[in-house]
Number of protein chains: 2
Amino acid sequence: MMTSVDTELIRVLGDPLRLRIVTLLARETLCTSHLVEETGAKQTNLSNHLKVLREAGVVETEPCGRFTYYRLRPEVIAQLADQFADLAESARNAAENKRACP
Amino acid sequence: MMTSVDTELIRVLGDPLRLRIVTLLARETLCTSHLVEETGAKQTNLSNHLKVLREAGVVETEPCGRFTYYRLRPEVIAQLADQFADLAESARNAAENKRACP
DNA sequence: CGGTGGCATCAGTAGCCACTGATGTGAGAG
DNA sequence: CTCTCACATCAGTGGCTACTGATGCCACCG
């Protein structure tokens with residue numbers, strides 16, 4: 001219920017390129033070169049963002065020979081969705097709560 | 001369905017203080033001085049963040065004499081929750097899609 | 001009508017972070 | 001073994017932004 005939203009996770013997803021990556025990975029599991037091709041970003045840049053996403057627990061890696069596949073972790077996104085849903089419901093219920101002017 | 005997540009909205013909510021404000025406003029409608037008192041932040045700083053939240057459509061204002069009440073817009077948060085839920089579901093369905101190594 | 005309190009705006013600053021080029025590492029191909 | 005390719009790491013830099021102090025504006029109180 002009173003699960004406050006994870007600030008760090010939102011901050012991580014707040015970057016346009018990272019959100020782009022997450023959106024792409026929501027459709028299929030890809031490796032870095034695919035992401036380079038899809039986004040047009042440099043490999044170094046993507047590697048940095050993927051590291052951030054990995055450390056935030058948003059994606060997980062699966063080595064495949066020389067390649068590294070990145071897979072999105074749906075539970076993390078789903079949990080975030082639930083947290084926002086809770087927040088929205090809380091806001092709806094408290095619509096008429098108004099603290100008196102001091 | 002394929003509603004991509006609004007980057008700007010997430011970026012706005014990615015700031016710790018702004019998320020704090022949103023969480024507080026999810027419980028009750030407050031005016032600036034209440035938020036100063038709750039968060040311990042300076043009035044100027046809060047005013048800046050509230051402006052950002054207002055321009056992003058997250059909150060709306062209701063003047064009450066000399067005071068300005070801020071109310072959270074639940075629809076915006078709910079829509080965001082839906083977008084993340086869609087993303088999570090999409091990721092679950094595409095769990096086994098893996099593009100071939102180039 | 002002056003004074004006060006609530007809030008917005010302005011200009012300046014410091015810190016963070018996204019992006020880049022160069023380099024390191026490790027697996028596969030030949 | 002050597003070369004190549006996929007990817008990670010490192011160090012440097014520019015731009016954005018959160019925060020601050022000063023000031024302006026407006027509504028209410030006396």
Side-chain angles (χ1 to χ4, degrees), chain A residues 6-25 28-72 98-102, chain B residues 5 7-25 28-72 98-102:
Chain A
D6 185 351
T7 310
E8 181 58 16
L9 181 56
I10 306 179
R11 201 190 59 77
V12 165
L13 295 178
D15 181 80
L17 184 50
R18 280 198 289 262
L19 190 62
R20 184 92 207 288
I21 294 171
V22 167
T23 304
L24 287 170
L25 292 180
E28 51 182 345
T29 297
L30 298 170
C31 55
T32 311
S33 53
H34 290 138
L35 291 169
V36 169
E37 173 182 336
E38 291 285 342
T39 63
K42 308 257 180 178
Q43 178 263 327
T44 302
N45 193 13
L46 276 176
S47 193
N48 284 330
H49 283 299
L50 287 168
K51 181 180 182 179
V52 173
L53 289 171
R54 205 184 325 136
E55 287 176 347
V58 179
V59 303
E60 54 190 7
T61 63
E62 181 190 349
C64 172
R66 297 183 296 170
F67 304 92
T68 304
Y69 276 100
Y70 283 89
R71 187 190 314 123
L72 189 60
K98 188 184 292 185
R99 191 182 296 190
C101 302
Chain B
V5 185
T7 310
E8 181 59 18
L9 182 56
I10 306 180
R11 201 191 60 78
V12 163
L13 295 178
D15 181 81
L17 184 49
R18 280 198 288 262
L19 190 62
R20 184 94 207 287
I21 294 171
V22 167
T23 305
L24 287 169
L25 292 180
E28 51 182 342
T29 296
L30 298 170
C31 55
T32 310
S33 53
H34 291 138
L35 290 169
V36 169
E37 173 182 336
E38 292 284 342
T39 63
K42 309 256 180 177
Q43 177 262 328
T44 302
N45 194 14
L46 277 176
S47 193
N48 284 330
H49 283 299
L50 287 168
K51 181 181 182 178
V52 173
L53 289 172
R54 203 185 325 135
E55 288 175 348
V58 179
V59 302
E60 55 189 6
T61 61
E62 181 190 348
C64 171
R66 297 182 296 170
F67 303 93
T68 304
Y69 276 98
Y70 283 89
R71 188 191 314 122
L72 188 60
K98 187 184 292 186
R99 190 183 296 188
C101 302

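By convention in this document, chain letters (A, B, ...) are assigned in the order of the sequence lines, proteins followed by strands, and residues within each chain are numbered from 1. No experiment lies behind these values; they were computed from the predicted model shown.
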Polar side-chain atom of A:R18 near backbone of A:V12 as donor-acceptor pair, under 3.5 Å: yes

Sidechain-backbone polar pair: A:Y69 side chain, B:C101 backbone, donor-acceptor under 3.5 Å: yes

Between A:H34 and B:R99: side-chain donor-acceptor atoms closer than 3.5 Å: no

Under-4.0 Å side-chain N/O to phosphate OP1/OP2 contact, A:R11 with C:dC16: no

Sugar-phosphate only, base, or nothing, as touched by A:T68 at under 4.0 Å among non-hydrogen atoms: sugar-phosphate

Touch class at under 4.0 angstrom, heavy-atom based, for A:Y69 against every strand present: nothing

side-chain N/O B:R54 vs C:dA8 OP1/OP2, d < 4.0 Å: yes

Flag side-chain contact, heavy atom, 4.5 Å: A:D15 against B:T7: no

Residues in salt bridge (charged side-chain N to carboxylate O under 4.0 Å, His left out) contact with A:R20, at least two apart in sequence or another chain: none

N/O (side chain, A:S33) to phosphate O (OP1/OP2, D:dC7) under 4.0 Å: yes

Comparing A:V52 and A:G65 on DNA chain C - which has the more 5′ nearest nucleotide: A:V52

Atom-pair distance (CG on B:L30; C1' on C:dG6), nearest Å: 15 Å

Test: B:E28 and B:R71 ion pair at under 4.0 Å: no

Spacing of A:L46 atom CG relative to D:dA6 atom C1', expressed in whole Å: 13 Å

Whole-Å gap separating C1' (C:dG30) and CZ (A:R66): 12 Å

Atom-to-atom span, CD of A:E37 to C1' of D:dA6 - whole angstrom: 14 Å

Phosphate-side-chain proximity, A:Y70 and D:dA6, N/O vs OP1/OP2 below 4.0 Å: no

Short side-chain N/O contact from A:R18 to OP1 or OP2 of C:dA18, under 4.0 Å: yes

Show me the protein contacts with nucleotides 19-22 of chain C, counting only N or O atoms at under 3.5 Å.
unit_1, atom_1, unit_2, atom_2, d
C:dC19, OP2, A:N45, OD1, 3.4
C:dC19, OP2, A:N45, ND2, 3.3
C:dC19, OP2, A:H49, NE2, 2.5
C:dC19, O5', A:N45, ND2, 3.1
C:dG21, OP2, A:K42, NZ, 3.4
C:dA22, N6, A:T44, OG1, 3.2

Whole-Å distance separating the CZ atom of B:F67 from the P atom of C:dA8: 13 Å

Side-chain (A:S47) to main-chain (A:Q43) donor-acceptor, under 3.5 angstrom: no

B:L19 CG - D:dA18 C1' separation (whole Å): 16 Å

